[in-house]
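Notes follow once the structure below has been shown.
In this text the structure is predicted, and so the values were computed from the model without any measurement.
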Amino acid sequence: MANSFQLQAKSMARFIVNLTDPVFHGKYHGKTKHDDDFNLVLERSRVAGVKSMIITGGSLRESQHALKLAKEHGFYATVGCHPTRSAEFDKFKGGPEAYLNALDDILRDNIKGNGRAVAVGECGLDYDRTHFAAPEVQKKHFRSQLSLAKKYHLPLFLHSRAAHKDFVGILRAEGFGVNGGKEVGGNGGVVHSFTGQLDELAELMSMGFHVSVNGCSLKTADNLTCAQAIHLDLLMLETDAPWCSMTGAHASKTHVNALPTLLNNLYFPASVKPEKFVLGKAVKGRNEPCSIGGVAWVIQQLHPEVTYEELAEKVWKNTVTVFGLDELT
């Protein structure tokens with residue numbers, strides 16, 4: 001049975017990853033702790049069955065970096081500004097309009113071909129971290145980025161933390177309250193790393209958005225209940241690496257423990273602390289794209305009506321359809 005699981009994992013897509021983060025090059029908070037093992041991270045993901053990745057753009061500069069990596073490695077990227085960095089709009093030379101225009105220019109030049117931009121974002125609201133950007137600043141620049149999704153008919157890659165009412169309020173006001181905004185030029189999208197409540201989940205799905213989960217979405221029993229309630233037609237999976245690892249203290253652990261040994265070794269390879277780095281081993285505390293299979297395993301355990309293979313195939317098709325990745329099929 002384990003060999004069957006491995007075969008199906010070969011067709012899995014890694015949804016979203018922060019490959020621009022310097023920890024994949026051994027740098028933590030500006031300090032080099034070990035050798036650059038970026039290529040080994042990619043190799044572990046390939047062995048684990050990851051066929052492609054979408055690299056997150058969380059600011060103007062990061063979006064440029066994400067696209068560069070996407071073109072170098074045959075992946076894809078998002079272009080946008082994360083809510084915690086939305087103060088960059090006001091600090092930018094030329095002001096907010098110039099910042100938005102710069103994002104617009106990047107999209108205009110990179111929506112076709114290899115390594116292209118496939119979504120606007122990461123954008124949204126984060127009221128857990130308003131010390132980075134005040135709510136009014138976040139709301140203003142979330143709204144402005146929605147215009148880019150309309151202009152280029154791209155899906156949204158969305159972020160919402162402790163801000164659901166304002167988050168859906170802005171989406172609805174901008175025409176994204178029905179069918180993912182397709183009537184106003186939008187093209188749906190996904191609310192990533194979902195950690196909200198059941199009523200919030202239901203509202204997002206009713207608006208036509210997909211919902212994605214990772215290790216942070218599977219920490220508690222309530223989280224698992226929400227994850228189980230996501231309609232399979234609207235489900236996506238991610239790791240959000242290098243963040244959002246699944247740990248032994250999480251409610252997901254019981255399900256992870258049921259992984260066949262072969263798959264456990266692929267998705268959660270042996271790791272060492274950064275200070276004791278060994279070339280070829282993963283780094284403890286740094287999530288990697290290869291763990292996407294583990295996220296899929298946990299979600300399948302919550303959906304016994306489908307097999308692991310069927311779940312992986314369904315999520316793959318959802319991802320390809322939303323982001324227009326037809327060349328992967």
Side-chain angles (χ1 to χ4, degrees), residues 9-28 32 34-80 82 103 106-122 154-155 157 190 192-193 212 214 236-245 266-267 269 277 279-283 286-296 312 315-316 318-329:
K10 294 294 184 184
S11 71
M12 290 185 66
R14 167 69 180 88
F15 165 42
I16 204 72
V17 61
N18 299 289
L19 281 186
T20 59
D21 198 292
V23 299
F24 289 121
H25 299 277
K27 297 179 180 179
Y28 299 75
T32 298
H34 59 76
D35 293 341
D36 186 331
D37 64 336
F38 182 82
N39 289 329
L40 291 173
V41 169
L42 296 187
E43 179 58 25
R44 281 192 288 272
S45 74
R46 284 189 285 267
V47 172
V50 175
K51 190 171 182 178
S52 191
M53 306 187 200
I54 301 175
I55 305 171
T56 311
S59 67
L60 176 59
R61 181 176 179 181
E62 197 173 88
S63 296
Q64 294 167 327
H65 188 188
L67 281 163
K68 181 176 183 292
L69 287 173
K71 294 182 188 303
E72 289 174 352
H73 298 280
F75 297 149
Y76 306 92
T78 75
V79 172
H82 192 282
L103 291 174
I106 294 173
L107 286 168
R108 180 197 63 208
D109 296 338
N110 292 280
I111 58 173
K112 294 182 180 179
N114 178 61
R116 66 184 179 273
V118 296
V120 172
E122 179 176 357
L154 286 171
F157 176 53
V190 60
H192 102 109
S193 191
S212 182
N214 54 39
M236 290 190 193
L237 305 176
E238 58 174 290
T239 62
D240 206 26
W243 318 113
C244 292
S245 301
L266 286 173
Y267 303 153
F277 178 74
L279 196 64
K281 286 196 173 184
V283 176
R286 182 188 69 179
N287 199 10
E288 291 194 11
C290 61
S291 70
I292 186 65
V295 178
V315 173
W316 167 266
N318 291 346
T319 306
V320 167
T321 299
V322 170
F323 295 106
L325 313 180
D326 295 336
E327 64 270 26
L328 295 180
T329 60

Steps toward side-chain contact (heavy atoms from CB on, under 4.5 Å) verdict (K281, L40): CA-CA 9 Å; K281 286 196 173 184; L40 291 173; over 6 Å; no
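- The shortest side-chain heavy-atom distance between N18 and W243 falls under the 4.5 Å cut-off.
- A salt bridge links E327 with R116: the closest approach of a Lys/Arg side-chain nitrogen to an acidic carboxylate oxygen falls below 4.0 angstrom.
- Looking only at atom types and distance, the side chain of N287 has no donor-acceptor partner in the side chain of D240 under 3.5 Å away.
- With rounding to the nearest 0.5 Å, the separation of CD in E122 from OG in S59 is 11.0 Å.
- When all heavy atoms of D37 and F24 are compared, the pair lying nearest together is OD1-O, 3.5 Å.
- A side-chain donor-acceptor contact under 3.5 Å links R44 to the backbone of G280.
- By the 4.5 Å heavy-atom criterion applied to side chains, M53 and I292 are not counted as neighbours.
- For the pair E62 (side chain) and G58 (backbone), a donor-acceptor distance under 3.5 Å is present.
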Verdict with supporting geometry, S193 and C244, side-chain contact (heavy atoms from CB on, under 4.5 Å): CA-CA 9 Å; S193 191; C244 292; 4.2 Å; yes
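- Side-chain contact check for E238 and S212: at least one donor-acceptor pair (N or O, by modelled atom type) lies under 3.5 Å.
- Side chain of T78 to main chain of V120: no donor-acceptor pair is present (N/O by atom type, distance under 3.5 Å, no hydrogens or angles).
- The main-chain N or O of N318 is never found under 3.5 Å from a side-chain atom of T321 such that the two would form a donor-acceptor pair.
- Side-chain contact between L154 and F323: absent, with no pair of heavy atoms (C-beta onward) separated by less than 4.5 Å.
- Residue I111 comes nearest to L107 through the heavy atom pair CG2-O, 2.8 Å, listed as atom of the first residue, atom of the second, then distance.
- Residues satisfying the ring pair (Phe, Tyr, Trp, His ring centres under 6.0 Å) criterion with H34, sequence neighbours excluded, are Y28, F277.
- Counting all heavy atoms, side chain and backbone alike, V79 lies closest to A117 at CG2-CB, 3.8 Å.
- Using a 4.5 Å heavy-atom cutoff, the side chains of C290 and V50 are not in contact.
- Between atom CG of residue L19 and atom CD of residue E288 there is a gap of 10.5 Å, rounded to the nearest 0.5 Å.
- Inter-residue side-chain proximity for M236 and V322 is flagged as met; some heavy-atom pair is nearer than 4.5 Å.
- Under a cut-off of 6.0 angstrom, the local environment of NZ in K71 is crowded, with over 12 non-hydrogen atoms contributed by other residues, nucleotides or ligands.
- Here the shortest heavy-atom pairing between A241 and P289 reads CB-N, 4.0 Å.
- By the 30° and 60° cut-offs, the orientation of the rings of H73 relative to F38 is tilted.
- The closest side-chain heavy-atom distance from I54 to V17 is not below 4.5 Å.
- Checking each of L42, V118, L67, L69 against F75 for a side chain to side chain contact (heavy atoms under 4.5 Å, CB included) leaves exactly one that passes, namely L42.
- D36 CG to K27 NZ: the interatomic distance, rounded to the nearest 0.5 Å, is 8.0 Å.
- Put simply, CG on L60 and NE2 on H65 are 13.5 Å apart, with the number rounded to the nearest 0.5 Å.
- Side-chain atoms of N214 and T239 include no donor-acceptor pair closer than 3.5 Å.
- We find the NZ-OG1 distance between K51 and T319 to be 12.5 Å, quoted to the nearest 0.5 Å.
- Surrounding CZ of R61 are at most 12 heavy atoms belonging to other residues, nucleotides or ligands under 6.0 Å away.
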